[in-house]
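Reading through the structure tokens given below for one structure.
Only this structure's heavy atoms are used, side chains among them; waters, hydrogens and symmetry mates stay out. In listed order, ligands and their atoms are each counted from 1.
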Amino acid sequence: MNICCLGAGYVGGPTMAMIAAKCPEITVTVVDTNEERIAKWNSEELPVYEPGLYEIVCQSRGKNLFFSTDVDGAIRKSDIIFVSVGTPTKKQGVGAGRAADLRYVESAARRIAELAEGPKIIVEKSTIPVKTAEALHTILRANSKSGQFQVLSNPEFLAEGTAMEDLQDPDRVLIGGEETEAGRKAVQTLVDVYAHWIPREKIITTNLWSSELSKLVANAFLAQRISSINSISALCEATGADVDEVANAIGKDSRIGSKFLKASVGFGGSCFQKDILNLTYLCQHFGLPEVAAYWESVVRINDWQKHRFTARIVKELFNTITGKRIAVLGFAFKKDTNDTRETAAIAVCQDLLAEGAEVLVYDPKVPESLIRFDVLGSETNENLKVVGSAEEACRGAHAIAVLTEWDEFKDLPFAEIYESMPKPAFVFDGRNILPHAKLRSVGFRVFPIGKASTGPVG
Ligand SMILES: NC(=O)c1ccc[n+]([C@@H]2O[C@H](COP(=O)([O-])OP(=O)(O)OC[C@H]3O[C@@H](n4cnc5c(N)ncnc54)[C@H](O)[C@@H]3O)[C@@H](O)[C@H]2O)c1
């Protein structure tokens, strides 16, 4: 069997590497129109950083796993074609700012239709609006001379930073297909691929629309938990309650559960915001403005939380940070990834620069060029500096802001750093990962998320 995947991004690369590793008799080709990305997949420095990914890629690359720019060749020879291209939020036209931009999905479908001969199974791996499979069917059937197509929905639930564990041992695999004999047969073909390593009871099969909608709803529910606890973090700061204690107390209730209750400077990543906006657009489209407004508030609280974080810095630094130096530790949207899409660090850095601060950013995995582009676009601003270590960022700063929960930030030489800083020296822990008691004993004024601020001990 030949499988190919259109799109060698954060999803296409890792998922196909796992399929190739688990199914040695299947040839898996990952293709992309981006030559630079493919060159990196074929090099020692992969374009995606994920713990364990490099090892899995090395296991199969050149044997049954191939990365190529020959999109047409891969489409022609494959029995199963995964579509794992980007589906960003539309920037212009109808639905701008909310609806998913399906141009990459559509152009992939048109290419498949043009080239395909004989039976092909097209798998939607990208996260797309409900009923996209129907549109794909129409495009495929209207444009193909001799192809026969079954479209399946197989949304990906991996989380960046733990992608390889999530792919190795997922909570579930979801496959949606047409409720016809041919549809059921196609579903079974894909079930058989996953069944190489995933217990059958974890592979859920549904109709197409349930599968498509479940992905949007899963992300909306996860983001909602973060916005819920973040909204409570503000109340904790105001009342003297401790958000970690509240999260622990409510999380012990088995009806609520303990996961995704970590307060922070706000969620980021390429998916949560865009998928919720997409959900709200669908709700509007289907005449359900109240439902749209309910989910939209999850995004609004997240934006508010990011700006609230900077506002707190300004307030505590005596209402001005103009000309003051702020060390920003971490830029990726979470630890163990080099992905910066929608990271809270973008909004925080922009707010700090707008206040006239000098901002020194350090991230262990994100290159300087990307940080500059994310924060400034094509502009320049000499107040933004990207440095090579956390200590370099902190030395001489008025305040330290932790924006990504990288483990290496937990045990920096805080006493030395404190000595180098103007006093009072501040720490704003946007991830609640630093040893707050220790920092206080060193002399820092510490401002965690969702906890009363604490001055130095004694
Ligand atoms: N990133 C995540 O954690 C995550 C998790 C689950 C689902 N998803 C969904 O998976 C999809 C892909 O996400 P991603 O993060 O991998 O995106 P990405 O931007 O990292 O990768 C998409 C790739 O598709 C390529 N591409 C575009 N058009 C193409 C075409 N016609 N042929 C071949 N390649 C083409 C692009 O060059 C790009 O490299 C999105 O719909 C996203 O919502 C992402």
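The pair Arg61-Glu44 counts as a salt bridge, with a side-chain nitrogen and a carboxylate oxygen less than 4.0 angstrom apart. Salt bridge annotation for Glu237-Arg308: present, with a cationic side-chain nitrogen under 4.0 angstrom from a carboxylate oxygen.
By the salt bridge (charged side-chain N to carboxylate O under 4.0 Å, His left out) test, Glu160 is found to be paired with Arg341, residues two or more places apart in sequence or in another chain being considered.
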What are the atom names and distances for all N or O pairs under 3.5 Å between ligand 1 and the protein?
residue	atom	partner	partner atom	Å
ligand 1	1 (N)	Glu160	OE2	2.6
ligand 1	3 (O)	Glu160	OE2	3.1
ligand 1	15 (O)	Arg341	NH1	3.4
ligand 1	15 (O)	Arg341	NH2	2.7
ligand 1	16 (O)	Tyr10	N	3.0
ligand 1	16 (O)	Val11	N	2.9
ligand 1	19 (O)	Arg341	NH1	3.4
ligand 1	20 (O)	Tyr10	N	3.2
ligand 1	20 (O)	Arg37	NH1	3.2
ligand 1	20 (O)	Arg37	NH2	3.3
ligand 1	21 (O)	Arg37	NH1	3.4
ligand 1	34 (N)	Gly7	N	3.4
ligand 1	37 (O)	Asp32	OD1	2.6
ligand 1	39 (O)	Asp32	OD1	3.4
ligand 1	39 (O)	Asp32	OD2	2.6
ligand 1	39 (O)	Arg37	NH1	2.7
ligand 1	41 (O)	Thr87	OG1	2.6
ligand 1	41 (O)	Thr127	N	2.9
ligand 1	43 (O)	Thr127	OG1	3.4
ligand 1	43 (O)	Lys274	NZ	2.6

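No donor-acceptor contact under 3.5 angstrom links the side chains of Tyr10 and Glu156, judged on distance only.
Using a 4.5 Å heavy-atom cutoff, the side chains of Arg111 and Ser107 are not in contact.
Other residues, nucleotides and ligands contribute at most 12 non-hydrogen atoms within 6.0 Å of the NE2 atom of His285.
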